[in-house]
Amino acid sequence: MHSEGMLFAELARVSQEVAATSARTRKTALLAELFRDAEADDVPIVIPYLAGRLPQGRLGIGWKLLSRQIAPATGPTLTVREVNARLTEIGTVSGTGSQAERSRLVGALLAAATEHEQRFLIGLLTGEVRQGALDALAAEGLAAATGAPPDAVRRAVMLAGSLQAVAGALLADGPPALDRFRLTVGRPVWPMLAHTASSVAEAVGKLGECAVEEKLDGIRVQVHRDGDDVRIHTRTLEDITDRLPELVAVARELGEQRFILDGEVIALDENGRPRPFQETSGRVSSRVDVESAARQVPVSPVFFDALSVDGRELLDLPFAERHAELARLVPEPMRVRRTLAHGPDDVAAAEEFLTETLARGHEGVVVKGLDAPYSAGRRGASWLKIKPVHTLDLVVLGAEWGSGRRTGKLSNLHLGARNPDGSFAMLGKTFKGMTDALLAWQTERLPELAAEEHRWGFTLRPELVVEIAYDGLQRSSRYPAGVALRFARLVRYREDKSPAEADTVETVLAAHPGVAARPGAAG
DNA sequence: TTCCGACAGTGGGGTCGCAAT
DNA sequence: ATTGCGACCCCACTATCGGAA
C-alpha cells in the first residue's frame, strides 16, 4: 500500500483560513491541526509551505515570471508531493533558454492548480504568502501538534537553524527528539539581533552593567571552525564561505580547533576607516572572481561574541563570560572596540565612546547587558543599538498606491530636495513612519495636488513639505543628484512650511561631505 | 487592568550574476 | 554591451495579539 498523501488544496485552504483569522492562538490551532494530519513523507514539505517558504529555497522565479494569467484548473488534483517534485525540477533548470523553460514549467503547474491553489502557490514562489504566520507561528503550531513545550521547540529550531529538521524529528519521534538539537559546530544558529534605543542614556539606564560596543556598517558573519573545516554564514544562514578566503585563513590561525564566533566583516581603507557600506556589500556579493575581488576590496573580521569554544557551549552564559572566552581566543584588533559602563554614573563616558566611534567613521554603538545570555534567533532586549538620526525637510513629489493591508491607500512617498533653479531633485522614497490615520489622511489630501495620474499612483505638484528622518546618504546611479537617502522615514508633515523653505540639494550634500556626487551626475 | 515583547507586514536602496535583448 | 530580473545584503516603523506585570 502506498498513499498519495495530502492534497495541495488542503494547504491552500488552511493558509486562507489562517490569513482570515486575526487571533494568533487560532492561527496556531489551525496549523497544528494540519500538521497532525500530515503523513510522515509530507511533513518536510507541509511545514515549510505553511511557514510561507519553499523547502528548496528560492527558485529564481519572481513577480515578472508569474505576472501572466493562467486559466485555473476546475478541481483540485495536485498532491503536496507532486507540487514539491515539480518545484524541485523547476529549481534545477539552468543554462541558456532556462527562463523560457522555467516559465513553461511554472505555467504548467499553475494550470493544474485551482484558483485558490494558484494564489497560495504564487505566494510561496514569491515569498509573500501573507497569512500572518511565518516560522514563529509554524513552530508554535508544531509544538501544539506534538505536545512538546513551545519554548523547547523554538530553541531547537534556533539551534538547528531549520524548522524543517526539527519538525521531521518531532513528528516522527515525539518530544524526546528535541534533545537531539544542540548547538553544533558546523551547523549555523539563528543569530541574536538588537533593538533600537534613542539614546545611550536610555540604553545604559535600562541595562545597568553593560558593554558599549562599536556598531560597524558591514555584513554579519557567523564563523564555525572544526579543525580544518571552516564555514561562514550570513544573518539568514546563507553559506558564504567561498567568498571570504581571508576570513577562512584567519579562522584557521586562531588558537583553538573548534569554535563558533559571531561578528561582522567590513572593508576598511588604508587608515582603518570604514569604506562605504556599498563597497563591503559589493565585495561580499562577489562570487565569480573572488581572488581579484579580495585583492581590490579586502575585508576585515571584527568579532563580538563567542557561542562555542573548544566544545563548550557558551550560549546560556552571561555575556561577560562569553566575552572573556572571546578575548582569550581572538587577539585585540579582531575584536570589536568597546568600553564598559556600570550604570547611570557612566553614561557620560558611554556617550563619549559613541562620539569617538562616530568620529572614527562608524555608524553607532550597540549597548549590551553583561549578564544576558545569547538569545539565538531573537531580537533580545539586552542588545540596544544607537545610531544618530538626521532629518531633512523635503518636498513630496509623488505618491504610490500601497499593497496588502495598504491596498487603496496612498503609501510610498517620493521625496525631493530643492535645486538652485527652483526645481526639485528626487532623493528617494519612503513608506515608513505612517500610522493608519496618516495613511487615510494623505490618501484624501494628496490627489488634490495631482499633476499626473498613473497606474502606480500620482506625480504631485511640489507643494507639501515633510520632515524626513534618515541614516545617511549613499551614492546612487538612479537619482539625479547622484545620491540617495538611506533608510528614509516620515516624521511628520510640515504644512507650516512652504516648498521654498525645503532643504536644498546643496545643504543635503554638505551635511555628508564624504558622499560626493559622481562627476556629471549632478542634477 | 495596563504594559510590553514578539511577530508579521510594508516596503526602501544597493550589489552581484545571469539570461534575454 | 546593455538591460531586466531575482536573490540577498543592509534596514525602520506600525499594528496586533496575548502573556507579563
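As a basis for the values below, the full set of heavy atoms in this structure was taken, side chains included, without hydrogen atoms, waters or symmetry mates. Letters go in sequence order (proteins before strands), and every chain restarts at 1.
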Q. With sugar-phosphate meaning primed atoms plus P, OP1 and OP2, does A:T234 contact a base, only sugar-phosphate, or nothing at under 4.0 Å between heavy atoms?
A. sugar-phosphate

Q: Figure out the CG/P separation between A:L473 and B:dG14, and round it to whole Å.
A: 11 Å

Q.
I need the single residue from A:K429, A:R406, A:H454 that forms a side-chain hydrogen bond (donor to acceptor under 3.5 Å, both in side chains) with A:E400. Which is it?
A. A:K429

Q. Checking all strands, does A:K409 fall into the base, sugar-phosphate, or nothing category for heavy-atom contacts under 4.0 angstrom?
A. nothing

Q) Can we say A:R235 and A:D262 salt-bridge, meaning some charged N sits less than 4.0 Å from an Asp/Glu carboxylate O? A) no

**Q.** A:E17 with A:R13: basic N within carboxylate O range, under 4.0 Å
**A.** yes

Q. Just one of A:R486, A:R273, A:K385, A:R275 clears the salt bridge (Lys or Arg N to Asp or Glu O under 4.0 Å) bar with A:D217, so which one?
A. A:R486

Q. Hey, does A:D436 reach any base, or is it just sugar-phosphate, or nothing, if we go heavy atoms under 4.0 Å?
A. sugar-phosphate

Q: For A:G218, answer base if it contacts any base atom (sugar-phosphate contacts may also be present), sugar-phosphate if it contacts only those atoms, and nothing otherwise; contact means non-hydrogen atoms under 4.0 Å.
A: sugar-phosphate

Q: Return no unless some side-chain N or O of A:S476 is found under 4.0 Å from OP1 or OP2 of B:dG14.
A: yes

Q. NA contact type, A:K215, heavy-atom cut-off 4.0 Å: base, sugar-phosphate, or nothing?
A. sugar-phosphate

Q. Rounded to the Å, how far apart are A:K64 NZ and B:dC18 C1'?
A. 17 Å

Q. Does A:T236 or A:L490 map to a spot on DNA chain C nearer the 5' end, using the closest nucleotide for each?
A. A:T236

Donor-acceptor contacts, no H, no angles, side chain residues 194-206 of chain A, under 3.5 Å, sequence neighbours left out:
from   : atom 1 : to     : atom 2 : distance (Å)
A:H195 : NE2    : A:R379 : O      : 3.0
A:S198 : OG     : A:E202 : OE1    : 2.5
A:S199 : OG     : A:E202 : N      : 3.0
A:E202 : OE1    : A:S198 : N      : 3.2
A:E202 : OE2    : A:K206 : NZ     : 3.4

Q. Should the pair A:E214-A:R338 be classified as a salt bridge under the 4.0 Å nitrogen-to-oxygen rule?
A. no

Q: Under 4.0 Å between any heavy atoms, over every strand shown, what does A:K387 touch: base, sugar-phosphate, or nothing? Just pick one.
A: sugar-phosphate

(Q) For chain A and DNA chain C, what are the first and last nucleotides along the strand, 5' to 3', with at least one atom under 4.0 angstrom from a heavy atom of the protein chain? (A) C:dC5 to C:dG18

**Q.** Integer-rounded Å distance: B:dG14 C1' and A:R486 CZ
**A.** 9 Å

Q: Verify the distance criterion only: is there a donor paired with an acceptor across the side chains of A:R243 and A:S285 at less than 3.5 Å?
A: no

Q. So what does A:A469 touch, heavy atoms closer than 4.0 Å: a base, only the sugar-phosphate, or nothing?
A. nothing

**Q.** 5' precedence on DNA chain B between A:R102 and A:K429 (nearest-nucleotide basis)
**A.** A:K429

Q.
If you assign each of A:W63 and A:R26 to its closest nucleotide in DNA chain C, which residue comes earlier from the 5' end?
A. A:W63

Q. Under a 3.5 Å cut-off for both distances, is C:dT3 Watson-Crick or wobble paired, and to whom?
A. B:dA19

Q) Roughly how many Å is it from CD1 in A:I219 to C1' in B:dC16, rounded to a whole number? A) 12 Å

Q: Verify the contact: side-chain N or O of A:R478 to OP1 or OP2 of B:dG14, cut-off strictly under 4.0 Å; return yes or no.
A: yes

Q. With sugar-phosphate meaning primed atoms plus P, OP1 and OP2, does A:L59 contact a base, only sugar-phosphate, or nothing at under 4.0 Å between heavy atoms?
A. sugar-phosphate

Q. Could you run down nucleotides 3-11 of chain B 5' to 3' and tag each one B, S or - for protein heavy-atom contact under 4.0 Å?
A. ---BBSSBB

Q | A:N84 and A:Q56: side chain donor to acceptor below 3.5 Å | A | yes

(Q) So, using side chain to side chain contact (heavy atoms under 4.5 Å, CB included) as the criterion, who are the partners of A:H390 when residues are at least two apart? (A) A:Y470, A:H512

Q. How would you label the contact of A:T430 with the nucleic acid (heavy atoms, under 4.0 Å): base, sugar-phosphate, or nothing?
A. nothing

Q: Starting at atom CD of A:E101, determine the distance to atom C1' of B:dA20, rounded to an integer number of angstrom.
A: 16 Å

**Q.** Listed partners of A:K432 passing salt bridge (charged side-chain N to carboxylate O under 4.0 Å, His left out), at least two apart
**A.** none

(Q) Taking the nucleotide of DNA chain B with the nearest heavy atom to each, does A:S98 or A:S285 sit closer to the 5' end? (A) A:S285

Q) Quick one: salt bridge (charged side-chain N to carboxylate O under 4.0 Å, His left out) partners of A:E363, sequence neighbours excluded? A) A:K215, A:K387

